[in-house]
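Accompanying notes for the structure given below.
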Amino acid sequence: MVATPIGNLADMSLRAVEVLKQVELIAAEDTRQTQKLLNHYGITTRVIAYHDFSDQSASQRILQKLNQGESVALVSDAGTPLISDPGYGLVAAARSHGMNVIPIPGPSALIAALSVAGLPTDRFIFEGFLPAKAGARDKRLMALATEQRTTIFYEAPHRINAMLESCASHFESSRQVFLGRELTKKFEQHFCGTLAMAQAWLNEDENHMKGEFVVVIAGGDETAWQEARLEKAEDLVAELRQEMSMKKAVAFISTFLGLSKNELYRRVLERDQ
Ligand code: SAM
């Protein structure tokens with residue numbers, strides 16, 4: 001598994017060049033894209049196409065080569081194979097046949113972004129691309145609303161605005177966000193600030209929405225999240241009180257949201273004063 005640059009060709013490792021020269025075959029996500037990299041480094045190894053939706057025969061062909069003692073390198077268009085890129089099926093199959101799979105590590109956009117985001121790195125999660133459909137995206141973000149670890153997403157330019165909008169409706173607008181745009185490339189740009197500021201930054205200049213993005217969001221603060229839930233619960237009680245007694249509304253909402261009935265009751269009374 002050979003990692004390749006995420007934009008800047010000079011980020012190719014010496015070992016990656018050596019390995020790509022030495023293997024019998026290079027399996028590539030997009031053969032034309034890979035050919036540009038190979039030409040740049042004077043690598044003349046034969047290239048074949050491989051993606052996760054390749055028919056079984058592509059995988060079989062590669063496994064057969066490996067079985068015959070040949071070596072095959074897998075590369076993706078950019079960065080580390082398998083990271084939001086093809087290869088998982090091939091690696092799993094090779095492993096299940098007891099074959100040797102060796103990483104030639106190198107660039108990956110998520111690690112590049114995390115290393116400069118200025119957000120906690122001791123524990124983090126990678127969520128890849130959020131679902132394109134709004135309903136599925138909201139469901140995913142809802143599940144992440146209480147996540148306390150730094151969370152990393154990939155996003156395409158035509159969805160970055162909608163993605164941040166969805167984030168703003170599920171996370172507190174004061175959350176710290178890092179946007180890494182066009183990392184390692186000519187127009188590399190970084191944004192650091194709150195979620196609300198990130199949305200404003202994105203919309204203030206149409207160039208800000210162009211290119212490839214890594215979005216890094218600080219983990220949620222448990223206390224702030226609990227406070228936001230209680231405030232929401234108070235609003236719901238206020239609405240329900242038009243239909244039923246306050247006691248009943250508090251019991252109903254606290255059960256529904258899994259909150260302490262006594263605490264909600266106390267807060268509703270305080271709000272009334
Ligand atoms: N395998 C790659 C890796 O290891 O990072 C990721 C491939 S994934 C199909 C492509 C996505 O990665 C882009 O949509 C973007 O979110 C992110 N990405 C890749 N290169 C990037 C760059 N130079 N700057 C910012 N994000 C990048």
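Counting convention: from 1, in listed order, for ligands and their atoms alike.
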Could you tell me whether a side-chain N or O of Ser260 sits under 3.5 Å from a main-chain N or O of Glu263, the two making a donor and an acceptor?
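Yes, because the side chain of Ser260 sits within donor-acceptor range (under 3.5 Å) of the backbone of Glu263.
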Which parts of the protein, at residue level, reach under 4.0 Å of ligand 1 through a heavy atom?
Ile6, Ala78, Gly79, Thr80, Ile83, Ser84, Asp85, Ser108, Ala109, Phe129, Tyr154, Glu155, Gly180, Glu182, Leu183, Lys185, Glu212, Phe213, Val214
Sequence neighbours excluded, every pair satisfying salt bridge (charged side-chain N to carboxylate O under 4.0 Å, His left out) that has a member inside residues 9-36
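Passing the test, one end in residues 9-36: no pairs.
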Do you know the tightest heavy-atom contact between Pro120 and Thr150?
O-OG1, 2.6 Å
Please determine, by modelled atom types, if Asn161 and Glu165 share a side-chain donor-acceptor pair under 3.5 angstrom.
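There is no such pair (donor and acceptor under 3.5 Å, judged by atom type) between the side chains of Asn161 and Glu165.
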Can you confirm if the aromatic rings of Phe213 and Phe153 lie within a centre distance of less than 6.0 Å?
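Judged by ring-centre distance (under 6.0 Å), Phe153 and Phe213 do not meet the cut-off.
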Tell me, yes or no, whether the heavy-atom count around Glu270 atom CD, taken from other residues, nucleotides or ligands under 6.0 Å, exceeds 12.
yes
